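First comes the structure, then the notes that go with it.
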Amino acid sequence: MNPLELIARLDLERHPEGGWFKRIHTSEHRLDTAFGARARVTSIHYLLTADEPLGRLHRNRSDILHYLQGGGPVEYLLLDDASGELRRVVLGSAPDQQLFLFVPGGVWKASRLIGAADHALVSEAVVPGFDFADHAFADSALLARFPQHRDALAALVRPAA
Ligand code: GUN
């Protein structure tokens, strides 16, 4: 399926991070967290396309498991807020690429299509389930805290509203 067919078939909407998404599962079960009640798990389809090739830098308190379903390669940049370590992981079907990525809660994450990719369809499981109260976008203050990563991250930080 090409990217336009995927958007129609999966009924995707634009995501505030960039790209396209659709919630595909919300657990009926709730759990209490230090920040309030959440679904036990939620899951989305997330799609990057040539028109929407970036998922901008953000973090979530929940752990997020990522599964490449099609397309790629897609590069993930992961910044550990405590250590300042920046990690690069590529999801794709080449031997040196991964089909799965685990991102622990609290780690900053951005994604972008690379190489000849015209799309990447990644499914995510979020545990505890997704809630915007757990989500934060990076801004220029984060770049100021990590000047050693400014060149790598500046294009992935959402412009001020
Ligand atoms: N990122 C991961 N899961 C979700 C979700 O359910 N909704 C939104 N808006 N973003 C997400």
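When a ligand or atom number is given, it counts from 1 through the structure's own listing order. Note that the coordinates shown come from a computational prediction; the quantities given were computed from them, not determined experimentally.
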What orientation do His135 and His15 show, parallel under 30°, tilted 30 to 60°, or perpendicular over 60°?
->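 Ring orientation of His135 relative to His15: tilted.
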Could you tell me whether Arg87 atom CZ has more than 12 heavy atoms of other residues or ligands within 6.0 Å of it?
->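 Atom CZ in Arg87 is not crowded, with 12 or fewer foreign heavy atoms closer than 6.0 Å.
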Test applied, ring-ring contact (aromatic ring centres under 6.0 Å, His included); reference residue, His66; option that passes from Tyr46, Tyr76, Phe102 =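 For His66, the ring-ring contact (aromatic ring centres under 6.0 Å, His included) test succeeds with only one of Tyr46, Tyr76, Phe102, which is Tyr76.
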Lys/Arg N to Asp/Glu carboxylate O, Glu17 vs Arg56, below 4.0 Å =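 No, this pair does not count.
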Ionic contact status for Arg61 with Asp131, cut-off 4.0 Å |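 No, no charged N to carboxylate O under 4.0 Å.
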Residue [X] vicinity, atoms of ligand 1 by number, heavy atom under 4.0 Å:
X	answer
Phe132	9 (N)
Arg23	5 (C), 6 (O)
Glu124	2 (C)
Val126	2 (C), 3 (N)

Please work out which of Phe21, Phe130, Tyr46 has its closest non-hydrogen atom nearest to atom 1 (N) of ligand 1.
->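 The nearest heavy atom belongs to Phe130.
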Taking it one step at a time, do Leu142 and Leu79 satisfy side-chain contact (heavy atoms from CB on, under 4.5 Å)?
-> CA-CA 10 Å; Leu142 188 80; Leu79 173 64; 4.0 Å; yes
Contact between Glu17 and ligand 1, counting heavy atoms under 4.0 Å?
->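 Heavy atoms of Glu17 never come under 4.0 Å of ligand 1.
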Backbone or side-chain N or O of Thr42 under 3.5 Å from ligand 1 N or O |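 Between Thr42 and ligand 1, no N or O pair is found under 3.5 Å apart.
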Nearest non-hydrogen protein atom, atom 9 (N) of ligand 1 =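 The closest one turns out to be His15 NE2, 3.3 Å.
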